[in-house]
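What follows is a single structure, written as structure tokens, with notes after it.
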2 protein chains.
Amino acid sequence: MSMTPEVTTYSIQDVAKAAGTTSRTLRHYQDIGLLMPSRTGHNGYRYYDGQALLRLQRILLLRQLGLGLPEITKVLEGTRDTTAALRRHLELLMQERDRLELQIASVKTTIDKTERGEQLMAKEMFDGFDHTQYKEEVEERWGKDAYAKGDRWWRGMSDAERASWKEQSKQLLADWVAAGQSGLAAESAEAQALAQRQYDWLASANDGQEVSFDYFTGLGDMYVADPRFGTNYGGEQGATFVRDAMKVYADGHLK
Amino acid sequence: MSMTPEVTTYSIQDVAKAAGTTSRTLRHYQDIGLLMPSRTGHNGYRYYDGQALLRLQRILLLRQLGLGLPEITKVLEGTRDTTAALRRHLELLMQERDRLELQIASVKTTIDKTERGEQLMAKEMFDGFDHTQYKEEVEERWGKDAYAKGDRWWRGMSDAERASWKEQSKQLLADWVAAGQSGLAAESAEAQALAQRQYDWLASANDGQEVSFDYFTGLGDMYVADPRFGTNYGGEQGATFVRDAMKVYADGHLK
DNA sequence: TATGAAGCTTGACGTTGCGTCAAGGTCAAG
DNA sequence: CTTGACCTTGACGCAACGTCAAGCTTCATA
């Protein structure tokens, strides 16, 4: 062993490369007092020796395990026991993992529900009327070529417009369901706002053609009569809620 | 189309409470253009209607699923398809979960290794010699029942004593490593102080039984020979440093 | 009507661990 | 002397708000 500790020192880049990190990180560690350079040149350059490199490696190891820098500081200065810190950290990690699992499950079911909702909305727009008792009336008011018109309208839109419209439809359905579930009254502002959106939605799908009182309320009745709508709108009482809200809206605005 | 929809409006607090969030969040959403108040009073007060409330609920739902606010913005304005966004997000979530699983495993094994490292220190004292060329000599000096004795000694301590001893062991190891890295000479006062502590440590683990010159120096040779020690003491040159220091100490103090 | 308690507003900083310019000094080589 | 590589010190940015701070407004009482 050498008497004079003629220690070899390394530039900041050398250390960074050797440890697989960046010079910015080393400066940061100095800023927070986690790892000081062993020497600073007259020009301000930072120089590190083997001891610092070793400490850095331990820092990076702990950081790779997910520990925070303040915690690492305490561990390295001996204030906190390593295994105790790791065990405590392990708890957090597992907790976080559990939270993620739940979130993943939620996202999966949401995707599922959204997809089914989307399909149903599309059907309702274009061929839903084929199966209802209001077919004749609807055809009378909207024309026998309602579907064809709707199709042209659909094709006339840009991709962005189509995406926007689909999204609106989905939102509308979701919002109706949410409103129905929350037990709102048909006369409530929220429900009426939804009815307004429903009106606009219908009108927009027909080139802004006016929607009559009769058609709007009739549509509401159809929602209750047709089990498909009950299913989509959260059960029979959901459809009832929608119909009632639409009726209130029609009474106040169309007539 | 619609006549003026006289909608009931709510204050910022009302909406926040209704949706289970805070007014600060609502202001933030306005700042980033995610949710604007439906009306702003002459006094600057924000007022929201049912439509805004529903939009907020959708926002919070998506956020609960982990989507970022920019992504939510795109989804709500129809720029991005909901299911596509959710699917993409799901990928990230599962990726993140996998990362967490790996980290959890790493932390677990690290805890394990650290603990066994401590045990190894203890075991090295008592049965580590089974794997070395010094086995016979050690058994001769320490007795064939060295491990059993050590075990009794260990069990005879209180929890506090055990903790203290473990801490001392770790500290000793850390100090050896630091000294080795800093390029100290084996003859230096620091190194000799460490050798002294090493001696005391060995003796303390054997009921104060005397440690011989041969055993002490032999142990030092073993440190160099056994790669496990090299690893613990900061590489081969670390072990060499420890051995040299122990030799110097033995020459001066043990016969 | 005066007043105090709520409730509202607009800043602006803090959080975590650096990445990423920006502007400029230092050093070895050609 | 110039070039290019490497170094320095700021300082902003990120994600999604939490948390004061200072100063209005509104509402319910006394």
Side-chain angles (χ1 to χ4, degrees), chain A residues 9-48 52 56 58-76 85 89 92-93 96 99-100 103, chain B residues 9-48 52 55-56 58-76 85 88-89 92-93 96 99-100 103:
Chain A
T9 62
Y10 314 91
S11 76
I12 192 169
Q13 290 285 15
D14 291 344
V15 175
K17 277 183 209 153
T21 183
T22 70
S23 59
R24 177 65 180 90
T25 297
L26 294 176
R27 276 191 281 266
H28 182 59
Y29 289 170
Q30 182 182 1
D31 286 347
I32 64 174
L34 179 53
L35 178 69
M36 309 306 269
S38 54
R39 185 171 67 82
T40 301
H42 66 289
N43 46 17
Y45 283 25
R46 294 167 176 79
Y47 295 104
Y48 299 82
L56 174 59
R58 279 202 276 173
I59 291 171
L60 294 179
L61 195 153
L62 292 176
R63 203 186 59 104
Q64 188 177 313
L65 297 178
L67 269 79
L69 297 188
E71 195 67 17
I72 293 177
T73 304
K74 286 176 194 162
V75 167
L76 289 190
H89 182 58
L92 294 178
L93 286 180
E96 180 67 7
R99 203 184 57 77
L100 262 185
Q103 210 171 57
Chain B
T9 61
Y10 314 91
S11 76
I12 193 169
Q13 290 285 15
D14 292 343
V15 175
K17 278 182 207 153
T21 182
T22 69
S23 59
R24 177 65 179 88
T25 297
L26 293 177
R27 265 176 246 131
H28 182 57
Y29 288 171
Q30 182 182 0
D31 286 347
I32 64 174
L34 178 52
L35 178 69
M36 309 306 271
S38 54
R39 185 171 69 82
T40 301
H42 66 290
N43 46 19
Y45 282 26
R46 294 165 175 81
Y47 295 104
Y48 300 82
R55 183 181 171 97
L56 174 59
R58 278 182 54 86
I59 292 171
L60 294 179
L61 194 153
L62 292 176
R63 202 186 59 106
Q64 188 175 311
L65 296 179
L67 267 80
L69 298 188
E71 195 68 17
I72 292 177
T73 304
K74 286 176 194 163
V75 167
L76 290 191
R88 207 173 53 165
H89 183 58
L92 295 178
L93 286 180
E96 180 67 7
R99 203 184 57 78
L100 261 185
Q103 209 172 55

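Excluded from the calculations below are hydrogen atoms, water molecules and symmetry mates; all remaining heavy atoms, backbone and side chain alike, are included. Values in this document were obtained by computation on a predicted structure and should not be read as measured data. First the proteins, then the strands, lettered A, B, ... as listed; each starts at 1.
Residue pairs satisfying the salt bridge (Lys or Arg N to Asp or Glu O under 4.0 Å) criterion with at least one member in residues 19-30 of chain A, sequence neighbours excluded, are absent.
The residue from A:Val15, A:Ile12, A:Asp14 that alone fulfils the side chain to side chain contact (heavy atoms under 4.5 Å, CB included) condition with A:Ser23 is A:Ile12. Screening B:Thr9, B:Leu56, B:Leu26 for a side chain to side chain contact (heavy atoms under 4.5 Å, CB included) involving B:Tyr48 leaves a single residue, B:Leu26.
Nearer to the 5' terminus of DNA chain D, by closest-nucleotide assignment, is the contact made by A:Tyr45 (compared with the other of A:Tyr45 and B:Pro70). Of the two residues near DNA chain C, A:Asn43 and A:Leu67, the one whose nearest nucleotide lies more 5' is A:Leu67.
Of the side-chain N and O atoms in B:His42, none sit less than 4.0 angstrom from OP1 or OP2 of C:dT9. Side-chain N/O atoms of B:Ser11 include one lying less than 4.0 angstrom from OP1 or OP2 on C:dC8. Between B:Arg46 and the phosphate of C:dC8, there is no side-chain N or O to OP1/OP2 separation shorter than 4.0 Å.
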Interface polar pairs with nucleotides 18-20 of chain C, N/O, under 3.5 angstrom:
| unit_1 | atom_1 | unit_2 | atom_2 | d |
| --- | --- | --- | --- | --- |
| C:dC18 | OP1 | A:Arg63 | NH1 | 2.8 |
| C:dC18 | OP2 | A:Tyr29 | OH | 3.0 |
| C:dC18 | OP2 | A:Arg63 | NH1 | 3.2 |
| C:dG19 | OP2 | A:Thr22 | OG1 | 3.0 |
| C:dG19 | N7 | A:Arg24 | NE | 3.4 |
| C:dG19 | O6 | A:Arg24 | NH2 | 3.2 |
| C:dT20 | O4 | A:Arg24 | NE | 3.0 |

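The rotation axes computed at either terminus of the helix from C:dT1-D:dA30 to C:dG30-D:dC1 lie 40° apart, taking five pairs at each end and rounding to 10 degrees.
Considering only residues two or more places apart in sequence or on other chains, B:Arg88 meets the salt bridge (charged side-chain N to carboxylate O under 4.0 Å, His left out) condition with B:Glu71.
Minimum interatomic distance between A:Leu65 and A:Leu93 (heavy atoms only, all atoms of both residues): O-CD1, 4.0 Å. What you find for A:Leu60 and A:Ala19 is that their closest heavy atoms are CD1-O, 3.4 Å.
Across all strands, B:Ile32 comes closer than 4.0 Å to no nucleic acid atom at all (heavy-atom distances). Contacts of A:Gly41 with the nucleic acid, taken as non-hydrogen atoms under 4.0 Å apart, are absent.
In this structure, B:Asp14 places its CG atom 7 Å from P of C:dC8, rounding to the nearest Å. Remark: C1' of C:dA28 and CD of A:Gln13 are 16 Å apart, rounded to the nearest angstrom.
Residue B:Arg63 holds its CZ atom at 6.0 Å from OG1 of B:Thr21, rounded to the nearest 0.5 Å. Taken from CG in A:Leu67 to CD1 in A:Ile59, the straight-line distance is 12.0 Å, to the nearest 0.5 Å.
Of all nucleotides in DNA chain D, those with any atom nearer than 4.0 Å to a heavy atom of chain A start and finish, going 5' to 3', at D:dC6 to D:dA11.
Not a single donor-acceptor pair under 3.5 Å links the side chain of B:Gln64 to the backbone N or O of A:Gln103.
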Atom pairs and distances, donor-acceptor, side-chain atoms in residues 31-45 of chain A, under 3.5 Å, two or more places apart:
| unit_1 | atom_1 | unit_2 | atom_2 | d |
| --- | --- | --- | --- | --- |
| A:Ser38 | OG | A:Tyr47 | O | 3.1 |
| A:Ser38 | OG | A:Asp49 | N | 3.2 |
| A:Asn43 | OD1 | A:Tyr45 | N | 3.0 |

